[in-house]
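Have a look at the structure below before the remarks.
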Amino acid sequence: MPLFAPQHRIQQLRAEIEQHNHRYYVLDDPSIPDAEYDKLFRELQNLEAGHPELLTEDTPTRRVGAVPLKSFAELTHRTPMLSLNNAFSEEEVRAFDSRIRESLGVETVEYAAELKFDGLAINLIYRNGLFVQGATRGDGNIGEDVSENLRTIHSIPLRLRDHCGADLTLDVEVRGEVLMFTRDFDKLNAQQRDAGDKEFVNPRNAAAGSLRQLDSRITATRHLSFFAYGIGLCDGVTLPGQHSSQMAQLSQWGIPVAVQRCVVTGVDGLLAFYREIGEQRKTLPFAIDGVVYKVNDIGLQAQLGFVSRAPRFAIAHKFPAEEAMTTLLAIDVQVGRTGALTPVARLSPVFVGGVTVTNATLHNEDEIRRKDVRIGDTVVVRRAGDVIPEVARVVMAHRQPDASEFVMPTVCPVCGSHVAREADASAWRCTGGLYCPAQRKQALLHFAGRRAMNIDGLGDKLVEQLVDADLVRTPADLYQLGMTALGRLARMGEKSARNLLDAIENSRRTTLARFIFALGIRNVGETTAKDLARNFGSLDNLIAADTVRLQAVPDVGPVVAESMIEFFAEVHNLDVIRQLRVGGVSWDEFEPEPEQILPLSGKIFVLTGVLGTLSRQEAKEKLEVLGAKVSGSVSKKTDYVVAGIDSGSKLDKARELNISIMDENEFLFLIKGF
Ligand code: IVH
């Protein structure tokens with residue numbers, strides 16, 4: 001056969017592509033960039049399109065899916081696919097080990113310990129080393145033929161090879177689990193969300209839903225994975241006599257086997273493995289719901305046999321259930337240290353993830369609406385590892401007609417200040433930053449900070465003590481403290497008390513910028529505070545400013561302006577400011593800097609498309625130096641749109657709103673002119 005014969009190149013490409021698949025999907029160690037892989041793949045597709053007679057079962061181009069089926073054919077398993085008995089406690093594991101030792105009449109037993117994958121059981125059939133068919137577990141005897149869908153899973157080899165890369169010619173059934181990695185699940189759900197489609201409840205459901213698609217081209221887009229955990233029938237090779245060695249053998253044949261497995265002796269080894277995997281669980285890239293212990297010796301396995309549909313030689317040691325059903329009794333609102341309002345579900349006590357749970361977070365108002373959670377609903381509570389329990393979803397089938405909708409309070413449940421929601425943010429916040437007890441410690445720490453009022457020595461611990469002893473409620477109370485009050489605090493000697501009072505005294509005189517920053521207004525950092533001070537000259541000017549006046553300050557956009565307005569609209573905050581002034585806090589007030597009049601002051605530009613001679617950032621900077629504002633979107637307020645190459649919707653909008661449009665040359669001419 002000449003070297004350039006298509007069949008030769010096709011064979012070469014297939015072997016190469018499958019090797020890259022294995023490196024990428026099984027070893028997680030790709031050796032070429034994705035673009036190079038795509039090139040090889042396209043070359044193979046083109047060659048096959050020109051030579052349909054050369055198509056084979058194991059060609060990787062079949063991984064993209066095939067013509068949709070009308071229904072799945074039934075497939076009878078040649079040996080039944082069994083299930084496992086479960087153990088939920090250490091005692092049950094000890095009882096399992098005792099039973100086995102007794103049955104075998106031995107002192108200690110060697111076990112293979114491995115992960116219990118939370119996916120769906122699959123049987124892969126290889127004939128003559130070639131993947132020919134695959135089926136779901138079904139009822140254990142008859143499953144569904146999902147061969148085309150399995151073919152789209154890149155980590156499943158379409159042909160078995162030995163570790164030297166030579167083709168194998170054996171007949172074997174590989175048993176394992178199809179699952180979806182957490183990152184692929186998150187991506188899929190984000191896509192579903194964007195497309196307005198229903199999201200999947202968990203990775204297992206997503207894997208099952210993806211594998212049971214009649215159109216395997218859809219499965220091909222879903223990024224499923226596979227791990228083997230056993231061998232069914234096998235012909236053409238003598239298998240090793242230990243389960244652990246059989247797994248190693250599968251791995252050598254190119255079949256994915258999870259690395260988290262080990263051989264242990266006795267029950268203590270099993271329990272150590274359980275604890276170790278329990279620790280690793282949160283960092284694993286896929287979901288597991290326990291571990292599985294199997295007598296390692298295949299001969300002993302046969303001796304132990306089966307009870308009904310489960311082997312006596314194996315057991316699943318499950319992690320505590322992470323989801324449970326209960327009734328949602330009420331929804332309360334908690335206020336966090338930063339003023340964020342979090343709705344919390346009060347629940348009928350339920351045992352989940354190893355503890356009894358009575359409260360679970362509902363995150364925010366949007367989440368409540370998205371999940372359509374109502375008071376009185378039966379809900380599923382999820383608690384994974386150490387994370388805060390959450391209400392995962394509602395069991396709609398149990399909804400009662402009197403289930404009532406939750407209404408977000410309009411004032412802070414802790415201090416009564418009004419609540420506000422930032423544009424584009426999902427959280428409501430209490431605006432009484434200086435006054436709200438929930439935010440007290442945080443507000444005081446910020447107020448006393450080095451770059452704010454600079455009260456030396458007033459740190460975490462002291463704030464904690466002052467607030468807990470109810471000596472200080474708002475920053476204004478700091479200026480009323482005296483030796484007698486401080487003397488009541490534990491571990492507060494006379495000298496420390498004196499130092500603290502001196503530091504407070506020294507902070508009375510400050511600058512306007514520091515005072516503005518010290519107020520802890522959301523989104524107002526040190527630099528913004530300085531800009532505001534320079535531009536307004538006095539606190540009263542700042543308090544009186546409306547959003548337009550505020551946004552005239554460089555770098556103050558709508559979000560900062562809104563935070564300022566919300567803050568000063570809250571009378572509780574104004575009260576604290578008044579008390580601070582009465583308490584002797586003062587700063588220099590001055591004539592504000594006159595607004596600099598630059599050639600393009602007050603003009604709003606929008607840049608769109610690609611500019612040939614300078615980057616967008618450079619164009620933006622040039623405009624800003626000349627006093628213009630550069631906005632990201634076209635509105636009625638826009639004065640000019642600079643349209644480069646490939647300008648899209650912004651240009652259309654500008655035309656629609658009749659806004660002046662300039663091309664790159666006109667723009668360069670404009671900025672050169674100044
Ligand atoms: S062995 C003869 N090993 O759990 C024993 N099963 O409840 C057959 N599973 O349907 C199963 N991880 O889908 C085995 N390491 C593992 C497993 C595992 C997950 C699933 C499997 C089976 C179910 C049994």
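All ligand and atom numbering here is 1-based and tracks the order in the structure.
- Summarising the geometry of L104 relative to Q303, their closest heavy-atom pair is CD2-NE2, 3.8 Å, with the distance given to 0.1 Å.
- Ring orientation note: the planes of F117 and Y229 are close to parallel, at an angle under 30° on the 30°/60° scale.
- For residues 55-75, the pairs satisfying side chain to side chain donor-acceptor pair (under 3.5 Å) are R14-T56, R14-T59, E18-R63, E48-T59, E48-T61, T56-D58, E57-R151, D58-R159, T59-T61, R62-E148, with sequence neighbours left out.
- L211 approaches F72 most closely through the heavy-atom pair O-CZ, 4.2 Å.
- A salt bridge between K39 and E43 is absent, with no side-chain N of the basic residue lying under 4.0 Å from a carboxylate O of the acidic one.
- For ligand 1, residues of the protein lying within 4.0 angstrom by heavy-atom distance are L82, S83, L84, E114, L115, K116, F117, A121, R137, E177, Y229, V292, K294, P311.
- Salt bridge D377/R399: present, at least one basic N to carboxylate O contact under 4.0 Å.
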